[in-house]
Amino acid sequence: MKVRTRLAPSPTGDPHVGTAYQALFGYAWAKANGGQFVLRIEDTDQERSSKASEKAILDSLKWIGIEWDEGPDVGGSFGPYRQSDRLHIYKKYIDQLIEEGHAYPCFCTKERLDGVRKKLIEEKAPNRGYDRLCRDLAPAEAIQRMEAGESFVVRMKIPLEGDCVFKDLLRGEITKDWASIDDQVIMKADGFPTYHLAVVVDDHLMEITHIIRGEEWINSVPKHVLLYKFFNWQAPEYCHLPLLRNPDKSKLSKRKNPTSINYYRKAGFLPEALLNYLGMMGWHMPDGSEKFTIQDMIKNINLTDISLGSPVFDRDKLRWLNGKYIREDNTVAELTDKLQEWALNPSYIRRVTEVVSSRLETLADWGYFTAMFFSDSVPVTEELLTVKNMETSEVLELLQVTIWKLEKVRDWTSSNISQALKEVSELFELKLKALTTPLYGAICGSKIAPPLFDSMEVLGSDICRTRITAAMNVLGGLSGKKLKKLEKKYRA
RNA sequence: GGCCCCAUCGUCCAAUGGUAAGGACACCGGCCUUUCACGCCGGCAAUACGGGUUCGAUCCCCGUUGGGGUCACCA
């Protein structure tokens, strides 16, 4: 059996452990069948996609030990492997759909759509989607308006009634009624395709046989199946993996858990342990052993054996597994090498030393001042986070907004960090010191510490944000309700 | 809210139409040990609920409840 699987990440942020999770299963399944594993970059969102994110994703996948046979960096005979380089291909298929009457241009403005949506919600209509105003536009009028330069998107014609039945490898047949799906946009006003069109065209052209991805996609399968039908193509097998969860069972999110692969790397986890841990989410070795390699997985995997209860990502168990790898699979010499690669290398030591040098009276002071640069978390107490004349709740809000602000810092340098923090303090009409005080506590775990912004730069964005979140938990955290309110207030 | 998906210890993963429901993490106790950790031994702890089908259901069916996802010119 020829098997080709793919990982199709969108380069819009930090490399996510969920991406590695999907990659692991896709890769293992392809290799178990002597097939290929393809990496395709889905950068059809011009606003949010970035080359930096793409690079980060490729780097972290390589770090964790996933390799791809075809991809934007290695090429392959089904390229290009970046969707923004495939626009001409999508164009052809979109034109074809319009021509055959399966899709139509829609001239509705964003304002009109918002209004329609609002009204439908008020009316408690079962379907809150698009009202299909442009669906029955006379072709002549549509052409005229397009030629007049009016902005438009292209929508696919979803059947007005009946059911869509499709098969998921893990769940069996799933039925969804067409009436609950609105006429999906397949080409945006900027001429870029949306995910739904691009994914179908690419998976077909790249001869993908199994789509292994997260469960959040189940509801859009009917749109994809319909496109396959329009094009008269054979749809691949669908295998929707359970979603990794936070301890509170919601979808794993950076709000509640470190989700960036880079965090785990920086925090001193071994790639093989992380990968192994991901492998035991929903799957197990036939003999029940918990420590296994990706090769073991390849030898034993069967997609239908994956269990469906969405697993909670448990950092304690990951730590335990990681410890097992450290002590069972490494000699002291090997461990020393790994430590050097991780942080005890001249370049990192130099950066750290630069930050603390002015505080040293003896060389031995170095160890005292730099411990925070070589650890995952830091010992935070409530007292360290306390600011004079400020309520705990206000400190919490301050820290939360700081995290949001820091997430947006593209180039993680001391001066950009400083700028971001100044903006936060201005937003709260506070002196910068009111912000840096709890931050020192959160980041350094001490009042005696090297300069904050420089330290943050050296530590990196992932560790910093994780430490701030941890500090917030020490203070009791923000309730979901308060968080929402705050988000509304500051996030616009 | 509509729709879709899911449901075994707190967590991860097993098992079977007839079971003492098993292993791992975490937690607790003990042993080992100069401490801690590791290791070893032991303990706590689950089939969400209600109906069916069946001689017998944790397992099959239906309902309820609960959880999650999804309803964008984001993927």
Side-chain angles (χ1 to χ4, degrees), chain A residues 8-13 16 18-19 41-49 83 105-110 113-114 117 120-130 151-155 163-164 166 168 170-199 213-223 240-252 277-291 305-324 326-328:
Chain A
S10 178
T12 54
H16 199 280
T19 305
I41 298 296
E42 310 233 324
D43 57 348
T44 54
D45 184 342
Q46 293 193 78
E47 289 272 310
R48 300 195 305 155
S49 297
Q83 289 187 328
C106 166
F107 303 90
C108 294
T109 61
K110 182 134 181 53
L113 292 175
D114 287 345
R117 212 163 284 134
L120 286 169
I121 289 173
E122 273 166 16
E123 288 170 359
K124 296 193 173 165
N127 186 347
R128 299 176 176 182
Y130 175 54
S151 173
F152 69 96
V153 301
V154 175
R155 290 178 185 273
D163 287 332
C164 174
F166 61 94
D168 177 90
L170 307 182
R171 281 158 267 253
E173 277 192 358
I174 295 172
T175 305
K176 192 149 170 71
D177 58 325
W178 288 116
S180 68
I181 304 171
D182 64 343
D183 284 0
Q184 191 64 46
V185 172
I186 56 174
M187 190 191 86
K188 308 178 228 179
D190 64 3
F192 275 57
T194 60
Y195 173 82
H196 304 291
L197 190 276
V199 79
R213 66 189 358 161
E215 190 179 4
E216 75 255 45
W217 291 108
I218 282 192
N219 285 312
S220 39
V221 173
K223 300 163 198 166
H240 290 92
L241 259 20
L243 253 24
L244 265 24
R245 316 272 189 125
N246 297 312
D248 70 359
K249 309 268 189 184
S250 56
K251 179 163 100 169
L252 192 67
Y277 180 69
L278 256 13
M280 54 202 252
M281 305 271 84
W283 189 78
H284 63 96
M285 288 284 283
D287 66 357
S289 51
E290 294 198 291
K291 191 169 161 226
D305 289 342
I306 296 169
S307 67
L308 286 176
S310 295
V312 170
F313 191 93
D314 180 3
R315 269 210 282 171
D316 282 339
K317 188 146 185 178
L318 171 59
R319 283 185 73 93
W320 164 79
L321 224 208
N322 201 63
K324 229 167 145 56
I326 285 185
R327 73 185 93 91
E328 291 175 7

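In this text, all values refer to a predicted model and were calculated from it rather than measured experimentally. In what follows, chains are A, B, ... by sequence order, proteins preceding strands, each numbered from 1.
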For A/C108, report the nucleic acid contact type (base, sugar-phosphate, nothing); a contact means any heavy atom under 4.0 Å.
-> base

Contacts of A/I218 and A/G282 projected onto RNA chain B by closest heavy atom; the upstream (5') one is A/I218

Sugar-phosphate, base or nothing in reach of A/T175, heavy atoms under 4.0 Å | sugar-phosphate

Assign A/E216 to base, sugar-phosphate, or nothing according to its heavy-atom contacts below 4.0 angstrom with the strands shown.
-> sugar-phosphate

May I ask you to verify if any side-chain N or O of A/K110 is less than 4.0 angstrom from the OP1 or OP2 atom of B/A72?
-> no

Calculate the interatomic distance between A/F313 atom CZ and B/U11 atom P; express it in whole Å.
-> 17 Å

Answer yes or no: are there more than 12 heavy-atom neighbours, outside A/E328 itself, under 6.0 Å from its atom CD?
-> yes

Kindly say if A/K223 contacts the phosphate of B/A72, meaning a side-chain N or O under 4.0 Å from OP1 or OP2.
-> no

Looking at the side chain of A/K176, which of B/C25, B/A75, B/C3 is the nearest nucleotide?
-> B/C3

Taking 4.0 angstrom as the limit, do A/K251 and A/E215 come out as a salt bridge?
-> no

Of B/G67, B/C25, B/C12, the nucleotide closest to the side chain of A/R245 is B/G67

Just compare B/C73, B/A24, B/C3 and give me whichever is closest to any side-chain atom of A/W320.
-> B/A24

Check whether any side-chain N or O of A/R327 sits under 4.0 Å from OP1 or OP2 of B/G39, and answer yes or no.
-> yes

With distance as the sole criterion, do the side chain of A/K317 and the base of B/A24 form a donor-acceptor contact below 3.5 Å?
-> yes

Using the C1' atom as the reference point in each nucleotide, state the distance between B/G1 and B/U11 in Å, no decimals.
-> 32 Å

Taking the six-membered ring for Trp, are A/W217 and A/Y195 ring centroids under 6.0 Å apart?
-> yes

Expressed in angstrom and rounded to an integer, what is the separation of A/L252 atom CG from B/C12 atom P?
-> 13 Å

Are OP1 or OP2 of B/A14 and a side-chain N or O of A/S307 less than 4.0 angstrom apart?
-> yes

Would you please confirm or rule out a distance under 4.0 Å between OP1 or OP2 of B/G69 and any side-chain N or O of A/S310?
-> no

With a non-hydrogen cut-off below 4.0 angstrom, is A/G323 in contact with a base, only sugar-phosphate, or nothing?
-> nothing

Determine whether the side chains of A/R213 and A/H240 contain a donor N or O and an acceptor N or O closer than 3.5 Å.
-> yes

Under 4.0 Å between any heavy atoms, over every strand shown, what does A/M187 touch: base, sugar-phosphate, or nothing? Just pick one.
-> nothing

So, is A/K249 close to the B/A7 phosphate, meaning a side-chain N or O under 4.0 Å from OP1 or OP2?
-> no

Whole-Å distance between B/U70 C1' and A/H240 NE2?
-> 12 Å

Would you mind classifying the nucleic acid contact of A/V185 as base, sugar-phosphate or nothing, using non-hydrogen atoms under 4.0 angstrom?
-> sugar-phosphate

When you get a sec, tell me which of B/C5, B/C13, B/C73 is the closest nucleotide to the side chain of A/I174?
-> B/C5

Shortest side-chain distance from A/R171, nucleotide among B/A14, B/A26, B/C6 | B/C6

Among B/C3, B/C5, B/A75, find the nucleotide with the atom closest to the side chain of A/D45.
-> B/A75

Proximity to the side chain of A/L243 - top-ranked nucleotide from B/G69, B/C73, B/G67 = B/G69

Scan every strand shown for a Watson-Crick or G-U wobble partner of B/C49, both distances under 3.5 Å, and answer none if you come up empty.
-> B/G63

Hey, are A/D45 and A/S49 close enough side-chain-wise for a donor-acceptor pair under 3.5 Å?
-> no

A/S151 near the nucleic acid: base, sugar-phosphate alone, or nothing, with a heavy-atom cut-off under 4.0 Å?
-> nothing

Taken to the nearest whole Å, CG/A/L321 to C1'/B/C38 is 15 Å

Nucleotide nearest A/E290 when distance is taken to its side chain, options B/U11, B/A75, B/G23 = B/G23

Proximal nucleotide (of B/U70, B/G67, B/A75) relative to the A/N219 side chain = B/U70

Between A/K324 and B/A24, does any side-chain N or O lie under 4.0 Å from OP1 or OP2?
-> no

Which nucleotide sits closest to the side chain of A/R117: B/A72, B/C6, B/A24?
-> B/A72

Comparing nearest nucleotides in RNA chain B, the 5'-proximal residue of the pair A/P311, A/E173 is A/E173

